[in-house]
Engineer: 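Structure provided below as structure tokens; questions to follow.
Below, chains carry the letters A, B, ... as their sequence lines are ordered, and counting in each starts from 1. Here the structure is a predicted model, which means the values were calculated and not measured.
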Protein chains: 2
Amino acid sequence: MTGLRYTEQMIIASQEGTVPQEGTVLQAGTGPEGICEVNCVHPEAVAEARAALPDGRDVETASAFLKLVADPTRLRLLSALNTRELCVCDLAAVVGLSESAVSHQLRLLRAGRVVAFRKAGRVAYYRLLDHHVTMLIDSALEHARE
Amino acid sequence: MTGLRYTEQMIIASQEGTVPQEGTVLQAGTGPEGICEVNCVHPEAVAEARAALPDGRDVETASAFLKLVADPTRLRLLSALNTRELCVCDLAAVVGLSESAVSHQLRLLRAGRVVAFRKAGRVAYYRLLDHHVTMLIDSALEHARE
DNA sequence: AGTATATATGAATGACTGCTCAGATATCAG
DNA sequence: CTGATATCTGAGCAGTCATTCATATATACT
């Protein structure tokens with residue numbers, strides 16, 4: 001346990017009924033997965049939180065999804081689509097943006113499976129893909145109004 | 001109505017039982033608020049969506065809140081805090097990041113009223129502020145696992 | 001007092017991203 | 001076919017942001 005200096009955290013850990021175990025201590029160094037600089041850590045707490053930590057891919061997926069909704073322009077677009085189906089031109093008019101900009105955003109939203117669209121001739125009508133999105137938008141906006 | 005060319009959308013609009021009304025048509029030009037390039041818009045649809053559009057400040061607030069949760073690093077931090085209260089050192093160990101980086105992120109989360117903290121001596125213990133955050137994290141991760 | 005430690009913060013940098021502009025594709029009207 | 005229109009897309013620029021490094025503050029121990 002070179003480089004480890006336990007002072008206070010051992011006391012706290014033992015107060016919590018758990019003695020720090022060497023096996024659970026994360027190693028300092030350059031490991032690609034278990035990297036961690038060790039000094040003041042509560043090993044028991046870290047181990048518990050680590051165990052409950054969601055899969056890396058899921059975090060990335062959830063993050064990507066939330067990022068799509070988090071942008072103010074896209075949130076406005078989605079709010080508009082929350083009321084009814086709309087074409088690109090309408091969306092541009094509603095949010096006061098160029099049609100090109102709207103199209104770019106819709107492309108992202110489509111790739112992220114947030115919106116769906118149907119084509120009637122030259123006109124593309126967009127709508128929210130499922131009501132998960134609707135719920136998220138509503139709850140986020142409600143949270144904002146508090 | 002200079003510059004307006006209605007072709008198909010009048011038909012669609014009338015199919016939906018509503019005739020486009022000139023009064024609701026948005027004006028082209030350089031107005032600071034009601035800017036909109038008019039060409040293929042369905043005036044009725046735009047008016048309806050515009051009316052239902054949430055307040056600009058609320059959109060901005062909700063967007064800022066979602067942005068805080070949308071970042072993968074912060075989402076990991078929040079997931080860790082979702083299990084239990086943790087200090088900065090522990091959080092750094094859990095997500096495998098420098099304590100400085102974690103502190104910077106926690107600062108943002110604190111400013112956005114997403115997390116709260118208590119200080120015990122030198123150690124700062126962070127926790128999620130309310131269960132709105134907990135619910136959002138869980139639902140976003142569940143959405144990702146589908 | 002002085003030293004060590006836990007966290008906070010300012011500056012700098014590299015990466016990402018949203019918009020504009022120009023051009024491409026596709027569909028409709030004549 | 002030709003011209004007009006609705007949407008899409010690639011390149012480039014400007015603004016944002018997450019990390020690192022160095023340093024500052026604050027608390028505990030001796």
Engineer: Rounding to a whole Å, what distance do you find between B/Arg118:CZ and D/dA26:C1'?
Structural biologist: 17 Å
Engineer: Going by atom type alone, with no hydrogens or angles, which donor-acceptor pairs under 3.5 Å involve a side-chain atom of residues 85-97 of chain A and a protein atom two or more places apart or on another chain?
Structural biologist:
residue, atom, partner, partner atom, Å
A/Glu85, OE1, A/Arg118, NH2, 2.8
A/Glu85, OE2, A/Arg118, NE, 2.9
A/Asp90, OD1, B/His42, N, 2.7
A/Asp90, OD2, B/His42, ND1, 3.0

Engineer: Please table the atom pairs, donor to acceptor, closer than 3.5 Å between any side-chain atom in residues 58-68 of chain A and protein atoms at least two apart or in another chain.
Structural biologist:
residue, atom, partner, partner atom, Å
A/Thr61, OG1, A/Arg57, O, 2.8
A/Ser63, OG, B/Ala70, O, 2.4

Engineer: Are B/Arg74 and D/dC17 close enough that a side-chain N or O sits under 4.0 Å from OP1 or OP2?
Structural biologist: no
Engineer: Could you tell me which residues satisfy side chain to side chain contact (heavy atoms under 4.5 Å, CB included) with B/Thr134, sequence neighbours excluded, listed by chain and number?
Structural biologist: B/Asn82, B/Leu128, B/His131, B/Asp138
Engineer: Any side-chain N or O of A/Gln105 under 4.0 Å from OP1/OP2 of C/dC19?
Structural biologist: yes
Engineer: List the residues meeting side chain to side chain donor-acceptor pair (under 3.5 Å) with A/His104, not counting sequence neighbours, and say none if there are none.
Structural biologist: none
Engineer: Could I get a table of every N or O pair under 3.5 Å where one atom is in the protein and the other is in nucleotides 9-11 of chain C?
Structural biologist:
residue, atom, partner, partner atom, Å
C/dT9, OP2, B/Arg107, NH1, 3.1
C/dT9, O4, B/Ser100, OG, 2.7
C/dG10, O6, B/His104, NE2, 2.9

Engineer: How many whole angstroms separate atom CG of A/Asp90 from atom P of D/dA6?
Structural biologist: 11 Å
Engineer: CG of A/Leu106 versus P of C/dT17: gap in Å, rounded?
Structural biologist: 18 Å
Engineer: Once side chain to side chain contact (heavy atoms under 4.5 Å, CB included) is applied, do any residues pair with B/Ala116, and if so which ones, sequence neighbours excluded?
Structural biologist: B/Arg127, B/Leu129
Engineer: Would you indicate, yes or no, if D/dC8 has its OP1 or OP2 atom less than 4.0 angstrom from a side-chain nitrogen or oxygen of A/Tyr126?
Structural biologist: yes
Engineer: Grab the CZ-C1' distance between A/Arg122 and D/dA4 for me, whole Å please.
Structural biologist: 7 Å
Engineer: Using side chain to side chain donor-acceptor pair (under 3.5 Å) as the criterion, list what pairs up with A/Glu142, not counting sequence neighbours.
Structural biologist: none
Engineer: As an exercise, state the distance from CZ of B/Phe117 to CZ of B/Arg107, rounded to the nearest 0.5 Å.
Structural biologist: 11.5 Å
Engineer: Do B/Ser103 side-chain atoms and B/Glu99 backbone N/O form a donor-acceptor pair below 3.5 Å?
Structural biologist: no
Engineer: List the residues meeting side chain to side chain donor-acceptor pair (under 3.5 Å) with A/Arg113, not counting sequence neighbours, and say none if there are none.
Structural biologist: none
Engineer: B/Leu75 has an atom CG; how far is it from atom C1' of D/dC17, in whole Å?
Structural biologist: 17 Å
Engineer: How is A/Leu108 classified with respect to the nucleic acid when contacts are heavy atoms under 4.0 Å: base, sugar-phosphate, or nothing?
Structural biologist: sugar-phosphate
Engineer: Would you kindly give the NZ-to-P distance between B/Lys119 and D/dA28, to the nearest whole Å?
Structural biologist: 10 Å
Engineer: With the threshold set at under 4.0 Å for non-hydrogen atoms, list the residues of residues 53-73 of chain A touching DNA chain D in residue-number order.
Structural biologist: none
Engineer: Nearest of C/dT7, C/dC19, C/dA8 to any side-chain atom of A/Leu97?
Structural biologist: C/dC19
Engineer: Take the protein atom CG of A/Leu91 and the nucleotide atom P of C/dG18, then report the distance between them rounded to whole Å.
Structural biologist: 17 Å
